[in-house]
Structures are given as structure tokens and as C-alpha cells.
Amino acid sequence: DVQISQEITFDNMMLSTEVLQGLALSGFHKPSPIQLLGIPIGKLGLDLLLEAKAGTGKTAVFSILALEKININYGLQAIIVAPTREIAAQICDVLNQIGSKIKGDIEKVKDNKVHIVVGTPGRLKSLIQNKHLKVASVRLLILDEADKLMETCFISDIKFIHSKLPKQKQVVLSSATFPDHITAVIDQLVQDAHHVCPAANQVLLGISHRVTYVKSNINSVTQTNLKFKELLKILTGIQFKQCVIFCNYLARVDQIHKMLKQAGWPSQLIYSKQQQTTRLEALKTLQDYKCRILISTDLVSRGIDAKNVDLVINFEAPANYETYLHRIGRSGRFGSIGMAISILGEGPECNKFMTMLAPIKALEIKELWSLKSVQE
Ligand code: ADP
Ligand code: MG
């Protein structure tokens, strides 16, 4: 999956001793391709578009850039924007870990304690508006999940934040995909940006795509039951560590949760209407390996890093190709092997899915039950 350079280690990338120690503490020894390319170019101060498959270590790229850029004698110098609080919290964890050695020194600095701020667009906007964030010395703006942040619900906040920061600043956008339709708005935020994009054609390496069909032309209750039977077959037939099941509707998430419970498969569920703390707890349960199955709408299909998820099941076909990529980005993270199984109704749902996935057809979408391991 992720090809890690044999010769180049973080040691010869001209990073500070503190960051190198932080990386060692994080267990990062060799840079991933995006880290190999993105860090040196980013350190030059150029605006960057970091494009790489989910799970290939983009967070560390911009975290390292931020940590290398700040001078602990000054105040706030870097702002990192993420579309959800969960992702923001994860970025903080990475910064605190890779930056843990720098933090030791920071504690000695009495004033100006905060050097990097991570937040969601709305929150950052209001903090800047209320002058709770003093942005005069900010020199770096990072947008994680940039394609999401370019959407209508976020873009005006992003533009606001961008406009309130000093003109002289480095802007870094990180995303698994940079679709054409966001190019124009990105151009308003960056100057002569360098597009870092290792092995663009390897977006999906390491993931086995499988489909399995159930009858259509039946009422939806019956179809859901058929899909559920197929789901149980998958859960019992495939050896997985952890699994995320995606549904298109909240009601379906609830329903599958209950049905799985009855069938003896405890699961966690997560959706946008939940309290923030409940959502974080559900994710933590997964990350701490206290549960094997998480059921979700597309809320967690972005950026959430759960290391042991090796199976993603689409109970319903995702709405578009990008969503499919984000969903399956849950598996195959940093070098682990993943399988993505879509349970489709024959006919329209299947046809739409196959058309949508035309870009990866070449990589062969196989039928699930041709798998040897599950044949018996
Ligand atoms: P992305 O943002 O590109 O989707 P993440 O930054 O969340 O990916 O990283 C995915 C996983 O890979 C994380 O668990 C992270 O700890 C791990 N990781 C990142 N860089 C390295 C590295 N150089 N060596 C080992 N593990 C790494
Ligand atoms: Mg990420």
C-alpha cells in the first residue's frame, strides 16, 4: 500500500531536534510519500496543495510544517481549520505528540502561550470577530479536508478567516481529492501554490473492492432484510478486526444497530444529531478497540483515524464517487490492508454504483462471494 522510501528517514529532512524526537515518540521513522515531498517544499514557505489518499499521513505533514515554523517567543502564528471537531481534536493530538518536546520549552515562555490554534470554521470566525484570537502575527493558515471546507456551508467563514490574517502568510490545503470545481475558489486563497501529489494513480491501492447483490423490485422492508442477511454473512464470513458500516439515512443507522444487537453483534453508532461528547465517546470506543463495529452516516467518512478498521461496508451505495473514496478511506490506513464491500440492490442501485465507480473499474471491482476465504 503505502510505499515508504528505503533510504530517506526523517533524520535527513533538516528538521529540528525537538520535532525529530517527537516523531520518534510517535513511532514515525520513515516518511510516507506525501511527507517526503510535502515537508521539504512546505518548509520553503510555498503555498501548498497536499493531495494524497486518506490514511497516508497528511496530518503529520502540516503539523510538522506548523511546528517548524513557529517561534516560541511570539504569540499565535499558525491557524489550522478542520470541518469537524473530531478532526480538529485529532490534529491537536498529533501536534501535541510531535510537538511534545517543544512544549517543554514553551512552558518556560510566560506570555503568548498559544502558538497554534486548531478549530472549526465557525468557531474560529467568531473568535477572530470577538478579538479573542489575536491574529496579527499569524504566518501560516492550514485547511485540512480542504475540499470539504470549500463547500457552500464553510466557504464564507474560510474567506473571512483568510481575509483577517496578515497578507504575508503561507497557505496549505490538505485533501484526498481536489476536484476541478473547487479550483477557482482555491485560487482566491493561495498564490502560485505547489501541488504535491505523490502517485496520483495509486489512490486506491491496498483496498479490495467487492460488491454483493440482493434482489430489487421488492418492497424496501424486504430489501433491507435481505441486505441485513447479507451483512450477517459478511460479518461471520470475513475475518476482520474492526468494521465501519455506512448507511445513507439516520433511521437506517438506528435500525441496523438494533438488528445487529438482536443478532448478537454489539455495535456503536454515530451520527450528526448526537451530542458531541457521545460522538467522541463512540469513536474512542472504536479506537480503544472496545467495539468492533461502528455504524455511521457519512459524518465520519472523513478524516477520522481509526487504525484497526480493515473492513468498510456500504449498506447503501454512497451518493457519489468522492463519498465512496472518503468512506473507504476508513480502511487501508497507513499500510494496512482493507476491504470495501458494497451491498447493492440489483438493477438501478447497482447500475448507478458501477457508473459512479467507473474511475476505479480498471482496478476490478469483484464480486464478494468469489472470495476463497468465505466460500466454505
Ligand atoms: P490522512 O490525513 O492523510 O488521511 P493521517 O494523517 O490521519 O492520514 O495518518 C494516518 C495514520 O498513519 C495515522 O494513524 C498516523 O499515525 C499514521 N502515520 C502517519 N505518518 C506516519 C509515518 N511516517 N510512519 C508511521 N505511521 C504514520
Ligand atoms: Mg486527514
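Values below: all heavy atoms of this structure, side chains included; hydrogens, waters and symmetry mates excluded. Every value quoted in this text rests on a predicted model; they were computed, and no experiment measured them.
T222 and N225 share no donor-acceptor pair across their side chains, judged by distance under 3.5 Å alone. Side-chain contact annotation: S216 with Q223, donor-acceptor N/O pair under 3.5 Å absent. With hydrogens and angles left out, the side-chain atoms of Q77 and K69 include no donor and acceptor closer than 3.5 Å.
The shortest distance between side-chain heavy atoms of V94 and F62 does not fall below 4.5 Å. Contact check for V61 versus V196: no side-chain heavy atoms found under the 4.5 Å cut-off. Using a 4.5 Å heavy-atom cutoff, the side chains of Y324 and N314 are in contact. In this structure, the side chains of F178 and L173 come closer than 4.5 Å at one or more pairs of heavy atoms. Taking the side chain as every heavy atom from C-beta outward, D298 and R327 approach each other to under 4.5 Å. Between I256 and F228, some side-chain heavy-atom pair lies under the 4.5 Å cut-off.
K169 and L140 make their closest contact through CB-N, 4.4 Å (heavy atoms, listed as atom of the first residue, atom of the second, distance). Between L149 and V81, the closest heavy-atom pair is CD1-O, 3.7 Å.
L50 contributes atom CG, which lies 10.5 Å from atom CD of Q35 (distance to the nearest 0.5 angstrom). The OG atom of S63 sits 10.5 Å away from atom CG of D93, with the distance rounded to the nearest 0.5 Å.
Checked by atom type and distance alone, the side chain of T285 never pairs as donor or acceptor with a backbone atom of C291 at under 3.5 Å. Side chain of H115 to main chain of A78: no donor-acceptor pair is present (N/O by atom type, distance under 3.5 Å, no hydrogens or angles).
A centroid separation of 6.0 Å or more is found between the aromatic rings of H257 and Y271.
Remark: Y289 OH is packed, more than 12 non-hydrogen atoms of other residues, nucleotides or ligands lying under 6.0 Å away.
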Criterion side chain to side chain donor-acceptor pair (under 3.5 Å) on N320 and T323, from CA distance to verdict: CA-CA 5 Å; N320 51 48; T323 306; 2.6 Å; yes
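A salt bridge is defined here as a Lys NZ or Arg NE, NH1 or NH2 lying under 4.0 Å from an Asp or Glu carboxylate O, and K241 with D310 fails to meet this definition.
When each of I161, L127, V138 is tested with L133 by the rule side chain to side chain contact (heavy atoms under 4.5 Å, CB included), just one qualifies, namely L127. A salt bridge (Lys or Arg N to Asp or Glu O under 4.0 Å) with K227 is found for one member of E349, E346, E316 and no other, namely E349.
For D11, there are no side-chain hydrogen bond (donor to acceptor under 3.5 Å, both in side chains) partners, not counting sequence neighbours.
Hydrophobic clustering (side-chain heavy atoms under 4.5 Å, transitive across Ile, Leu, Val, Met, Phe, Trp, Tyr) keeps L25 apart from I64.
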